[in-house]
Each structure stands twice: as structure tokens, then as C-alpha cells.
Colleague: 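Handing you a structure now.
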Amino acid sequence: MTDPLRADLDAIPRYVPGKAVPNAVKLSSNEVPYGPLPGVVEAIGAAAADVHRYPDLGVVRLREALAERLGVDFDRIATGTGSVALIGHLLQAIGVPGGEVVYSWRSFEAYPIAATVAGLESVQVPNTADHRHDVEAIIAAVGPDTRAVLVCSPNNPTGPAVTAAELDRLFDAIPERVLVVVDEAYREFVTDPACPDAIERYGHRPNAVVFRTFSKAWGLAGLRVGYMVAAPEVADAVRKVVIPFAVNVAAQTAALAALGAEGEMRRRVALVTSERKRTVMAARELVPEVPDTQSNFFWLPLGERAVEFAAHCEARAVLVRPFAGDGVRVTIGLPEENDALLDALRDFVEA
Ligand SMILES: *Cc1c(COP(=O)(O)O)cnc(C)c1O
């Protein structure tokens, strides 16, 4: 019974859910460890009384709040069930037969899947030796069939963010008919002043698209809310592709409540970035090649030993995310969780 199915979908890997290990230290999914922001649980409780009604189709209150916060027009914002879904919708909106999408590799695993589903060819540009986007090589990979360039900044899973100089160069070198998509899922964790806020710096450009999410710093991964900022025509096209009523009643209400707790979000992010500094410094004493990170995770370039290290951690009830033959991504957690990871790393390296 494969005849009716698209043969190109065979290339998409099956999703393998992470193992549930009771009471494990979970450093595998880039979540923030402090629970929902204040006011969020109450807002979801209040929204429960309305679940017999459809949600607001236009997601108006949330989009208005985002527009005000970001200083952009309301009609330039589109929302979806997480920015992963929304990236898929954008690629569907620009996918034409023979079209290509250019992005760094290794980068976010969702990109090749979303590209294939949208019928686009992936053109993957290897990262530099220090695990950063190779901006000149990305520019060189853009051709007549390129529909979009995806920039993941900070880059999941390797950690570095692109600088303003690099992004300026990219925007200036790439023709305006090609979208430059900046995925800023981890923007709130960026501390290097050389790395720009893409909405602020490039938002006015007609081919700029910036993705953000409530899943990471805002603590709503389980409710699935993401958004993008783009030119009105691009945002409008994506809103047509998004499944109607995608962002549900509880998610809309919770996202608004989270925005109301921005101060507490910032306080938590500061805890994460200070733990990041401490943990990465300690990890570098064991694995000196750990690259810079502007995110709430860091990269252990362990090569062929990546899977072995993840198994070593799991045996100690510490869950991390291996990429076979390449490296391991480790989320920054609570101080004692990071210590458990560092102990495991020390034993692994010194064994
Ligand atoms: C986590 C993540 C997202 C956001 O995912 P959601 O679907 O919003 O939960 C987007 N891009 C990258 C690179 C990520 O790591």
C-alpha cells in the first residue's frame, strides 16, 4: 500500500520519542527548568471555562500584545502551534517544484523535514570548524532556484549566534526575491552584544522573516505557541496556510499571561545564562573544543563517542541529546543538574 504515498517522504526519519526515565535529570529538550511563569497556570484555569467555544481565529489579542511589545504592525505577525509548525507553513507557502532552501548544517533537525514536506530541495552548507554558520558559503550556495535561506541564531544544536556584521553581509548579498529567515527561538538567552535582535535590525526589509517561540524562555513548550514577523504579504500568505484555529484557547490565554510576566522571565533567563557560563567553563576543562553558546544549551563535539556519552549519562539518570557521529547537545538546567552532567562528563573523559 505504498503506491498512493509520496516517495520523497521515505527520506524523512521517523520521530523517535525520548525515553521516559523516571526522576531523571532532563537536559535533552532545551526547556527552562523553573515551571510556568507566574499567572500562567491561573490563566489556563480561567480559559478552561471557555473550551466549548472555538478560539479566536485571528489570535487578535495575542498578536496585538506582540505588535506593541516588538514595535511592529499587527498585520506583520502570524502565529502557529509552535514555531516549528510555522516554519513548515512558511516553506509550504513558498514551495514550488524545483525550489531550494539553503541552510547551515548541522542545524535544527526540523528544517530538512519541513523542506521535504513542502516539496523543497535542501541545500545544506557545512558549519565552520568552530560550529558557526559559514556566511560566505551560504551566500555562494544561493542560486536561481533558491526560495529561502534559513539562519538559526543561536544555532540549535551547536550554540553560537550570528553577528550583526555577518547578517548585514547576508542580507546585502542575497537577492530580495529570496527570503532570509532568521530563527530566533533562543533570542532571550543571547548576551553577546555583537549578535543582533533580527526584528529590530532587519524587520523593515521586505524579505526578512523572523521566528520566535513561547516554548523556551517563556516556558510554554507544552502549549505550542510560536510566531513570526515578516512583510505583511508574507505574513498574510502564512496565515492562509496555517490550519484554522491552530492556536487553542488555553495557549492564547497563557501566552498573554506569560508576556505579562516578562520581568520574571528575564530573571530566570539571567539564572540560566549565569549557569551557562559556569557550566561551559567547567566543561571546557574536560573538552576544550566546546564552542561558544548564546543559548540555553551547549555542544559537546565528541564525534564518534557522542552516542556512547549519552548512554553513559543515561545510566546515571541524566538525559542529553546525542547526534550520532557528531556531538551531544546539553541543556542548561538547575545548578545541581548541571553538576550531575559535569560529574558524568568528568568520569567519561578521565576513564
Ligand atoms: C525549540 C526550537 C524552536 C521552537 O519550537 P516550537 O515549535 O516553538 O516549540 C524553533 N527553532 C529552533 C531552532 C528550536 O530549537
Side-chain angles (χ1 to χ4, degrees), residues 15 17-18 26-33 36-37 40 59 62 66 77-92 101 103-115 117 122 124 127 131-133 148-162 180-190 195 198-199 209-230 238 241-243 246-248 250-252 254-255 258-259 265 269 272 276 293-299 320-321 323 327-333:
Y15 183 74
K26 191 162 180 271
L27 304 179
S28 50
S29 298
N30 298 346
E31 298 141 341
V32 169
L37 286 165
V40 163
V59 197
L62 178 58
L66 289 169
I77 298 175
T79 55
T81 52
S83 54
V84 169
L86 211 50
I87 290 166
H89 295 319
L90 174 72
L91 296 187
Q92 286 166 346
V101 52
Y103 52 87
S104 257
W105 200 252
R106 175 168 300 278
S107 187
F108 191 31
E109 286 165 292
Y111 299 157
I113 298 170
V117 171
S122 281
Q124 300 185 335
N127 290 331
H131 309 280
R132 304 177 55 83
H133 282 25
V149 171
L150 309 182
V151 176
C152 190
S153 182
N155 188 47
N156 179 5
T158 64
V162 292
V180 177
V181 178
V182 189
D183 182 352
E184 293 193 328
Y186 303 96
R187 171 66 210 167
E188 293 82 358
F189 301 100
V190 172
C195 303
I199 296 176
V209 185
V210 183
F211 282 91
R212 299 266 178 95
T213 180
F214 281 92
S215 295
K216 307 289 163 48
W218 297 93
L220 293 181
L223 277 181
R224 320 300 308 123
V225 198
Y227 60 96
M228 55 169 254
V229 176
V238 170
V241 175
V242 173
I243 293 157
V247 184
N248 70 54
Q252 292 191 31
L259 287 178
M265 183 279 286
V269 163
V272 170
R276 171 177 83 194
T293 175
Q294 294 295 315
S295 192
N296 68 332
F297 56 83
F298 67 98
W299 179 245
V320 295
R321 179 69 173 84
F323 296 82
V328 177
R329 189 191 69 199
V330 180
T331 306
I332 300 296

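Owing to the predicted nature of the structure, the values given are computational and were not obtained by experimental measurement. Atoms within each ligand, like the ligands themselves, are counted from 1 in listed order.
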Colleague: Give every pair made of an N or O atom of ligand 1 and a protein N or O atom lying under 3.5 Å apart, one pair per line with both atom names and the distance to 0.1 Å, or write 'none'.
Modeller:
residue	atom	partner	partner atom	Å
ligand 1	7 (O)	Ser83	N	3.2
ligand 1	7 (O)	Val84	N	3.0
ligand 1	7 (O)	Arg224	NH2	2.7
ligand 1	8 (O)	Ser83	N	2.6
ligand 1	8 (O)	Ser83	OG	3.1
ligand 1	8 (O)	Thr213	OG1	2.6
ligand 1	8 (O)	Ser215	OG	3.4
ligand 1	9 (O)	Ser215	OG	2.6
ligand 1	9 (O)	Arg224	NH1	2.8
ligand 1	9 (O)	Arg224	NH2	3.2
ligand 1	11 (N)	Asp183	OD1	3.2
ligand 1	11 (N)	Asp183	OD2	2.7
ligand 1	15 (O)	Asn156	ND2	2.7
ligand 1	15 (O)	Tyr186	OH	2.6
ligand 1	15 (O)	Lys216	NZ	3.3

Colleague: Relative to each other, are the rings of Trp299 and Phe323 parallel, tilted or perpendicular (30° and 60° limits)?
Modeller: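 Ring orientation of Trp299 relative to Phe323: tilted.
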
Colleague: Taking the six-membered ring for Trp, are Tyr103 and Phe108 ring centroids under 6.0 Å apart?
Modeller: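 That pair fails the under 6.0 Å test.
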
Colleague: Main chain of Cys152, side chain of His133: is a donor-acceptor contact present, judged purely on distance under 3.5 Å?
Modeller: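 Flag set: sc His133 to bb Cys152 pair under 3.5 Å.
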
Colleague: Quick check against the 3.5 Å criterion: does Ser153 have a side-chain atom that pairs as donor or acceptor with the backbone of Ala161?
Modeller: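 A pair under 3.5 Å: no.
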
Colleague: Run the side-chain contact (heavy atoms from CB on, under 4.5 Å) test against Val241 and tell me which residues pass, sequence neighbours left out.
Modeller: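 If we apply the side-chain contact (heavy atoms from CB on, under 4.5 Å) test to Val241, skipping adjacent residues, the hits are His89, Gln92, Ala93.
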
Colleague: Give a yes or no on whether the backbone of Phe189 and the side-chain of Arg276 come within a donor-acceptor separation of less than 3.5 Å.
Modeller: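 Yes; judged by distance alone, with no hydrogens or angles, the pair exists.
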
